[in-house]
Structure formats: structure tokens, C-alpha cells
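First the structure, in the form of C-alpha cells, and then the observations on it.
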Amino acid sequence: MRPWPDTLAGRTLALLIGMTLLLIIGSAILLHDERNERFDERSRSHLLERVGTLTRVLSDADDGERQRIIRHAVQRGDSIDLSDRPHVDRLPRHPLEHKIARKLNRDLSLDDRSAVRVKAEFRNLDDKRSDRARRDDVPGKSHRPRARVHNLKCITIAVRLWDGTWLNFRTKHFENPPPWAGKTLQLLALLLTLVVLSGLFIARRMARPMAQLAMAAERFGLEQSHRPLAEKGPREVRHTIRAFNQMQGRLHRHITERSQMLAAIAHDLRTPITALRLRTEYIEDPEIRDRTLATLREMEAILSATLGFARDDAADETSRATDLAALLQSMVDDHADLGHDTDYTGPDHLTVNCRPVALKRALNNLIDNALKYGRRAHVRLLPNDGTLEIRIEDRGPGIPPEQLDAVFAPFYRVETSRNRDTGGTGLGLAVARTIVLAHGGQLHLENLPTGGLSAIIRLPQ
Ligand code: ADP
């Protein structure tokens, strides 16, 4: 699998998902911290409230009552007792100890700061580290280990009552902060799904006009129809589509003008040729007269071939579903009727989308060549997956391999056929190839190992 998607939509989506995940993870961390902070505050005030209340109640009670109150107050993990000495032998050092001591002092309105002593032992942060932290921590300096109640292993708070007795409160029971709320996770998952879905929708919408543009560019030149594309999508894409439409229009106008000009020249040259033919009457040398007439005939042939091609090209024939097998069979039959050696192998029916008049002209040129130079035309239609192949084979001399490409050039003729006995103009293959290319296909020639030439047309289905 590719690590980075290839399509515009894929990349946009990947970016969107990546950013959203980052955002979710980032805010989850922040949120988690915030929750822990709140939880810590709550646990602390709960602890302070217990110790504060106990101190107040015990202060007002006599000895007998005090033991009873203590018995009632003890909870899981607690140990509470009264003695004449505090169980904490030092003043607060750690920020948490300071915080608790200060708060208790204030709550109980004690004037003497040494009346409250706190000793915190941490659990999560390994003992060494918490020891070091405790040693290093100076009041006012920011606390290095997370000074949170749920990180405590044990806390001892000693408070001196008014009669000098010390209340020693020690607890090992601390609630853990609530784990990740399922609801929050569900909400985040829902959020991610929403982002992915809307991202998919947006990315697709963005990429669609680009794909259409690419398709139109591929089709351009293959189809005579040159409908402008709808200008949809974001501004940059709309600009590109507009530029493409304008280019398509300009090219189409240009090609049409050229074809019309070619047709006009071919047409207008006929009159001077006719005039020249009349003037040959005045040539006295019969040999020169005949050669001049032959040249003029040749020129006429070239002009009518040019005119025919220019007219077809300008004719804007539209593509339509055509039974290609039937078309080939009827062409072969027509030639057979004229006594030519032709046959057809292939399916009886095969419908393809094409411009039948143009395609027929191309096929006719190839069949004509096969009959002219190769004495027979064996036409085969081979439908493959996605493409179809038309082969026109003959039994002639073939074409020297180094000229197999050159013969497609307009007016190019192989030396052996230069004597024009065959009456060609050298335009047949050029025209055939232009038409096949305009169908999105390919035309090439191959010499057969058994002798003869094979013209191969490949068309997309
Ligand atoms: P032309 O009007 O001369 O037939 P084409 O463009 O059809 O013009 O062909 C160009 C040249 O290619 C021909 O003059 C001929 O020499 C050669 N050629 C075409 N088809 C064949 C073939 N089937 N066998 C041998 N030579 C061929």
C-alpha cells in the first residue's frame, strides 16, 4: 500500500484526518490535565474538611467523648490518635504540604504557624524522586513532581489543640481520578466520523471537475463534438475549465478554417488545370502532349483526393453506434462483386461507436491498397478486451521495412509504384491514419512472414 495517497481527494482526506486526529489528541491531553487538576482540588478540600471538622469537634469535647468521636471518624486506611507529641517532627517542605498547612491554619484561625504540621509521602513518583523533590522544593518555587493528592502514598497531618494535645491524622486512602469517560470517547469517535465523511464529500466535490477536465482533454480531437465543459468547482478549477474551453474553441475554429481553405484551393485549381488541358491541343509533339496530359490527370487525381478529405474533415460527422462487422462485410462484398479477391473473417455483428463515413473511407483506402499492390484483401475483425483489431492482409511484395513509417507521409510513394500504373496519389495511407487517430486508435503496417503486407487498425471499444 502506498503511504501517501495518489489522488487529490485522497490527499485532502488524509490531511484532514491527520489534522483532526492531532487536534483530538491535543485537546484530549489538555482536557485530561484539566480534569486531574479539578479532581485534585476536590480531594484536597475533602481532606482539609475532614481534618478541620475533627479538630473543631475534638477541641470542644472532653477526654471520654474524644475517644468516641475518633472511633466514629476513622475510615478505611486512616489512623487517628491523640498524643502529647506530634507524629510529624518537621515543618512543611513540599509545596503540597505547605498548601495544606496554610489552608488548615486559616480555616481553624490558628495564630501559631507551628500548630499544624504536614508530611506527605508520594507513591507514583518513585520514592527516591519524591524525596529529592521534597528536598529541592523551596516554597514559592514551582513544584516539580505532580503535587497531587492521588499521587500520595500516605499523608500525616498533626494539629495542636488548644489544650496542647496533638491530633495525629494519617491516611493512606486516596481516590484515583475517574478514568476516561466513555461518553467523551464516544463523542470524539463520532466527531472523527463526521470529519471523515464531510472530508470525503468535500474532497470528492473538489476533485470531480479536475477529473472531468482530464477526460475532456483526452477526448479532445477524438470526437468532432467539442461541447464546452460546464464551469463548476472552486475558482481555480473554474478558471482552468474556462481556459480549456477557449483553447478548444480556438483550435476547432483553426482546424475548420484550414480544411475549408484546403477545399477551396483544391477546388479552384481545377479551372486552370482544365485550361491547361485545352491548351495541350496546341502541343505538336505527340509524346510531349501525352506526357503533359498524364501529368495533368495526376494533378486532378491529387486534387480530388485532397478535396474529398478536406470535405470529410469539415463535415463534422458525429459518432454513432455502428455495426462494424456488417460494414466490413458489405465492403468486402462490394469488392467481390467487382471480381476482386476479397474475404472476411470475424463476428457477424459487432456494434461500436464511430464515425462510419470517415472510418469507411480509411478502410477503403487500405483494402484498395491491398488489392492494388497485393492482389487480394483478407479482412479480419478480432474483438479483444477493451480494444478491437481490424487486419487487412494481402499477398503482395510488402513494403521495405525502412519505409514502413514513411509511407504514411502525404504524397509519399514507394519507388516501385512511382510509375503510377496503380494510379495512386500517395494520400491514401495518410488519410487512413488521420481518421484512425481521430477515433482514438492506431494504424500500423507489418510485413507478413509469408510475404505480403498486413495493415493493422486498433480501436478502443
Ligand atoms: P497510393 O495512393 O500511392 O496508394 P498510399 O498512401 O495509399 O498512396 O500508399 C503509399 C505507398 O505505400 C504506395 O504508393 C505503395 O508504394 C505503398 N503501399 C501501400 N499499401 C501497400 C501494400 N498493401 N503493399 C505494398 N505497398 C503498399
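Below, each value reflects all heavy atoms present in this structure, side chains not excepted, and no hydrogens, waters or symmetry copies. Start at 1 and go down the list; that is how both ligands and their atoms are numbered. The first residue of the sequence shown is numbered 1, and numbering continues consecutively from there. Computed from a prediction, not measured in an experiment: that's the story for all the values here.
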So does [Y] get a backbone contact from the side chain of [X], meaning a donor-acceptor N/O pair under 3.5 Å?
X: R458; Y: E389; answer: no
X: H94; Y: L96; answer: yes
X: N353; Y: A321; answer: yes
X: N151; Y: F122; answer: no

Which atoms of ligand 1 are found less than 4.0 Å from any heavy atom of [X]?
X: V414; answer: 14 (O), 16 (O), 17 (C)
X: Y412; answer: 10 (C), 11 (C)
X: I399; answer: 17 (C), 18 (N), 25 (C), 26 (N), 27 (C)
X: D394; answer: 22 (C), 23 (N), 24 (N)
X: N369; answer: 4 (O), 5 (P), 7 (O), 9 (O), 19 (C), 20 (N), 23 (N)

Check whether any N or O atom of [X], backbone or side chain, sits under 3.5 Å from an N or O atom of ligand 1, and answer yes or no.
X: P397; value: no
X: A430; value: no
X: R413; value: yes
X: G374; value: no

**Item:** Shortest reach to atom 22 (C) of ligand 1 by a heavy atom, considering only L453, V431, L404
**Value:**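 Nearest option to atom 22 (C) of ligand 1, by heavy atoms: L453.
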
**Prompt:** Do the side-chain N and O atoms of R170 and T156 include a donor-acceptor pair separated by under 3.5 angstrom?
**Reply:** yes

**Request:** Kindly write out the residues that satisfy salt bridge (charged side-chain N to carboxylate O under 4.0 Å, His left out) with D323, not counting sequence neighbours, or none if the list is empty.
**Result:**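 Not a single residue meets the salt bridge (charged side-chain N to carboxylate O under 4.0 Å, His left out) criterion with D323.
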
**For D40, all residues meeting salt bridge (charged side-chain N to carboxylate O under 4.0 Å, His left out), sequence neighbours excluded** =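 Once residues adjacent in sequence are excluded, the partners of D40 under the salt bridge (charged side-chain N to carboxylate O under 4.0 Å, His left out) criterion are R44.
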
contact_flag [X] ligand 1 heavy-atom lt 4.0 Å:
X: G426; value: yes
X: Q403; value: no
X: N365; value: no

**Message:** Could you check whether any side-chain heavy atom of I435 comes within less than 4.5 Å of a side-chain heavy atom of N365, counting everything from C-beta outward?
**Reply:**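 Of all side-chain heavy-atom pairs linking N365 with I435, none is under 4.5 Å.
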
**Message:** If you count heavy atoms of other groups shown closer than 6.0 angstrom to CE of M19, is the number above 12?
**Reply:**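 Counting neighbours around CE of M19, 12 or fewer heavy atoms of other residues, nucleotides or ligands fall under 6.0 Å, so no.
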
